[in-house]
Structure formats: structure tokens, C-alpha cells
K.L.:
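My questions all concern the structure below.
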Amino acid sequence: MTAYLTALHAIVLREALRFIHQRERFVAALVRPLVWLLVFAAGFRAALGLSIIPPYQTYITYETYIVPGLCGMILLFNGMQSSLSLVYDREMGSMKLLLTSPLPRGWLLFCKLLGSTTISILQVYAFLAIAAAFDIKMPGWGYVTALPALLVAGLMLGALGLLLSSFIKQLENFAGVMNFVIFPMFFLSSALYPLWKMAESSELLHDICAVNPFTHAVELIRFALYAELNPGALGWTLMAAAVFATAALIGYDPARARIGRRG
Amino acid sequence: MTGLEARGLSYSYGTKRALDDVSFSVSSGTFCALLGPNGAGKSTLFNLLTRLFVAPDGQITIAGHDLRQSPRAALAQLGIVFQQTTLDMNLTVQQNLSYFAALHGLSGRAARSRIESALDQLDMRERAGEKARTLNGGHRRRTEIARALLHDPSVLLLDEPTVGLDAATRASITDYAHGLADEGKTILWATHLTDEVQPDDDLVILHQAQVLATGKARDIAGDTSLQERFLALTGTGA
């Protein structure tokens, strides 16, 4: 067991060191949601009337509404970013180091996932702190109860990144991920608008949003920020995490040989 | 005793045959060169030996452990120097080695003493605190070899480890690997350069996915030079 924990510690530490060495990545990851929060939401609040929906007990500003979605956005972008770095690692050779370790491959990939999710969560809290400084605050306990929700959502999106990295053969193909994964996942979700609003425009789009795992990750975070549990969202997110993680493990199975084909 | 054995390995990428019924064995404490021109299938063979790929047919045994039946025991006995660098350029030599040691379950004092001893062996001790980015090509290769030796494997695989190095560094790394074989390690050294092979080395010549010859380099060369023999066998005359 000690060997497992030693590897876990080293892999998480390496992710953290890598993150520290890429400060611009940290700034970029924060600027994106802050622009949405402070510019887009400010302009949009007048156009969008929000009724009282759970977990909110009263009328809220649009800025307050999109905070959980923007937390999700950070997790989503980071999940994809770590997928990009996995593809890069594979081209460089350090992924081979990981995959030829005598520890079980599933465990090593989980460590990698946990490392990148931890970094994402730190960024979410930095974002929440800046939002609070602009007077967009959540209830005090919400910041604590959000942690497990962020962890589950982060692992689910990280597992999706892992899955994509097992199928993307070259870095150049990564632009497609932006167009076909990140944008649809983000816009076809409850991150920017409540689903009932979407239903008013199109039932089909509403249905797509309702099955999008990112919607459920955002709702899980939204409720958790108000110290409430949304069991449906938790179930969906966990299920999606399990499906993505299993598919990623199959993608990294040596018998399928997607790894290092260029080597 | 056999250090490394491959039996009946075949592998294809779609319709392209990369390895066709490849078999050879390397005795314990022996330096074996795997010689083949570019595209012969050396890298695919390395991917199979390191379990990055799994061959549908054939068997690989590493220090007595079947790679398919007990992959973890086999991988624990295997040190690998890949063609590409595995170092994180932003980390120091020491940090890179600690990371690798942890992937093998080594930490704390045990890891530190192994790292010190591996760096000493490769004359890299004074560079332990330098970032990988600042090292020259030769020192990076030495760090890679130190990394591959950290967990004291009995079998060491090196995939064209001298690519891009100057002649003196190439000679010193080749000599060092031969010394490791004298100390009892089983070495498989993939290369396309005949001057890295010594007459007493075991030799496997791989060409167009097949093993063309196995035996002592001296015997395969016969009364010509190994270079001439190799070019004649592979039909890649200069």
C-alpha cells in the first residue's frame, strides 16, 4: 500500500510543480471566467429575468446565477488542458514512464486525474475569492460544502479529458476538442441559463442540455454552494465519471495499443 | 540463466506487418545489441518488451517473469531508456529522479540513497541540483540512464540511447553499458550504428520485421567487418 501512496504523492506533487511553473496558465484559467462574470454577466443581467428556482430562496442577480457554471467552466477547461498535457507527455516520453511503472495502470491514471483535479479546485477557489471581492458572495458554509461537489465534478471532467487523450493521436488534433467538446458541453448546459428558459426556446435543445453531464456537474456545484445536495445531479455526475473512466482505461489498455504508436 | 527472452512475437499496424515471428534470447549478464536500419521494427519491439503494446501472439519473459502473466513483477525488473526524453525540463535532476523512484514505490531515505548512488555511478552527482533544461545532451542521457537504474533492475533496455550525441560521449555511454553487463545486468541495446557493437557482444539483426541473424557479433561478421556484413544482409549498401 505504501508504494501506491508514494506514487500518488509524487504524481500530485509533480502536477503541482508543473502548475507553479506555468503561472500564465493559472492567470489564463482565471481571466476567462472573470471576463464572463464581470463583463458578460453585467451586460446580460438586464436581458435575462430569472425567476426563483431551487436552490435560490429569493431573486438573484445574473452574476450570482452563473457563478456555479463558471466554476464548472474552470473544471472543464482544466480537464481538457490536462488531456492536452497527456497527449504532449505521450509525444515526449514521460507518459511512457508512467505506463511502464510496475504499479497498476488504473491506479497511476487515477493519481494523474486526482493531481489535475486538485489544481483545478484551487483555481476555482481563487475565482470564488475574486468574485466575493466583487460582492458576488455565496453563503459562508457553501464554500465548504462545495468542495466535495467540485471534486466529483472535477474528476468526471478530468476522466473525460483522460478518455479524449487516449484517442487523440497527435497534439494537432486538439483544436477539434475545443470545437466539438468544450463549446457544446458548456453552451448546451445550465451554466449560463436555467433549463426552463432553454425549454421556452427549444424543447430539443432543452432535452440535450438535460442529458449533458456538464449540466449535472454545474447543478451539483450550484446546490452545494448553498449547502444543499442535489441527488439527481450527483448520481448523473458519478455515473458519467464511471463511464468516462472505464472508457479511458480501455483506451489506455496496452492490448489496444493506442499509446506511443509513433514511438 | 535467461535475462530476456522473446518468442514468436508478431505485430501489425492495420495491414502493415511491423514484426513477424521475432524470437531471440539474451543470457543474464550479457550485452546484446539489437541492430537494424530505420523502420526495421526496433521501436515496435521495444513497445512490446515494455508492455506499452501487447502482442496478440508470442511470449516475453523478463528475468524469469512472463510479461503477460505477471506484468508487474516483470516490469519491476526492467529498466528502460527510451528514445525520447522522459525528463521534466522544469525540474532538477534530483526532482526528476525522485519522481521516477516514487513510481517504483521508493521514497524517503531509500530513494535518496539510490539516487545518490545512481548519480555517482554516472558522474552526475554535482549536477543533482541543476534543472534538466540546462543540461547538455550527454548529461541528459546520463540522467536517463541513472533513472533507469534507480530501482536496480536486472534487465536494462536502451532504445538508440546515443542518438544526437558527439563521438566521445557516445563511446563513453556505450562503454558504460558494457560495464553494466560485466556487473551482471542483462542489456538490450537497440541501435542502427555498427560501431557501437563490440566483437564479443551478442547480436540480433532485425530487418523488415524479421530477425535476420542472431549470435556473437564476431561470428556474424565472419571475415568481413560487421558494417559490411550488416549492409550486405539488409541490402542497404552505402
Side-chain angles (χ1 to χ4, degrees), chain A residues 1-25 85-112 115 166 169 250-263, chain B residues 11-14 18 42-44 46-56 65 67-68 70-92 95-96 98-108 110-111 131 133 144 147-148 151 153 157 159-160:
Chain A
M1 197 63 213
T2 328
Y4 284 64
L5 295 178
T6 302
L8 172 70
H9 175 253
I11 293 169
V12 173
L13 183 69
R14 187 165 188 253
E15 289 291 320
L17 285 173
R18 181 183 265 193
F19 174 69
I20 290 167
H21 289 129
Q22 297 178 342
R23 281 186 209 93
E24 59 281 5
R25 198 179 123 189
S85 76
L86 284 168
V87 178
Y88 176 79
D89 277 357
R90 204 170 61 211
E91 294 207 342
M92 291 305 287
S94 52
M95 194 65 187
K96 289 182 177 175
L97 211 58
L98 196 73
L99 298 178
T100 52
S101 153
L103 291 169
R105 191 169 280 193
W107 173 253
L108 296 164
L109 293 173
F110 172 76
C111 294
K112 193 98 180 153
S166 72
K169 293 199 187 103
I250 294 169
Y252 274 98
D253 181 347
R256 291 177 55 86
R258 293 229 173 230
I259 310 113
R261 181 164 288 184
R262 287 155 55 95
Chain B
Y11 199 83
S12 302
Y13 299 107
K42 298 192 296 295
S43 289
T44 303
F46 261 68
N47 284 331
L48 293 179
L49 294 175
T50 54
R51 202 173 167 265
L52 286 168
F53 296 179
V54 171
H65 302 284
L67 189 59
R68 194 189 296 270
S70 39
R72 293 175 56 195
L75 288 173
Q77 290 300 321
L78 197 60
I80 312 156
V81 176
F82 295 105
Q83 225 176 80
Q84 306 104 318
T85 182
T86 61
L87 304 175
D88 186 326
M89 292 299 150
N90 291 315
L91 300 185
T92 64
Q95 286 170 325
N96 268 297
S98 301
Y99 171 68
F100 179 78
L103 291 183
H104 280 261
L106 294 166
S107 64
K131 283 200 172 174
R133 188 180 303 286
E144 294 277 2
R147 174 191 62 65
H151 56 296
L157 307 182
D159 191 3
E160 304 200 5

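Each chain gets a letter, A, B and so on, in the order its sequence line appears, and its residues count up from 1. Bear in mind the structure is a predicted one, so any value in this text is a computation, not a measurement.
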K.L.:
Heavy-atom cut-off 4.5 Å, strictly under: side chain, backbone, both or neither for I11(A) against chain B?
P.N.:
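Contact with chain B involves both backbone and side-chain atoms of I11(A).
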K.L.:
Measure the OH-CG distance between Y99(B) and L98(A) for me, rounded to the nearest 0.5 Å.
P.N.:
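So the gap between those two atoms works out to 4.5 Å.
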K.L.:
Give, for atom OG1 of T50(B) and atom CG of L97(A), the distance between the pair rounded to the nearest 0.5 Å.
P.N.:
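Separation between the atoms: 11.0 Å.
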K.L.:
Main chain of L103(A), side chain of R72(B): is a donor-acceptor contact present, judged purely on distance under 3.5 Å?
P.N.:
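Not at all, since once roles are kept as given, no pair shorter than 3.5 Å links the two residues.
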K.L.:
Enter the distance from T86(B):OG1 to K96(A):NZ here, rounded to the nearest 0.5 Å.
P.N.:
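Answer rounded to 0.5 Å: 10.5 Å.
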K.L.:
Out of H104(B), H151(B), Q77(B), Q95(B), return the one with the most heavy atom pairs under 4.5 angstrom to chain A.
P.N.:
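Winner by heavy-atom pair count: H104(B).
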K.L.:
Please name the residue in the list L75(B), L103(B), L78(B) that meets the side-chain contact (heavy atoms from CB on, under 4.5 Å) test with P102(A).
P.N.:
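Of the listed residues L75(B), L103(B), L78(B), the side-chain contact (heavy atoms from CB on, under 4.5 Å) partner of P102(A) is L75(B).
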K.L.:
Could you grab the distance from atom CG of L17(A) to atom CG of N90(B), nearest 0.5 Å is fine?
P.N.:
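Rounded to the nearest 0.5 Å, the CG-CG separation comes to 9.5 Å.
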K.L.:
Is it the backbone or the side chain of F100(B) that comes under 4.5 Å from a heavy atom of chain A, or both, or neither?
P.N.:
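Only the side chain of F100(B) comes within 4.5 Å of chain A.
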K.L.:
Please give me the minimum heavy-atom distance between T6(A) and L106(B), naming the atom from each residue.
P.N.:
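Here T6(A) and L106(B) meet closest at CG2-O, 3.6 Å.
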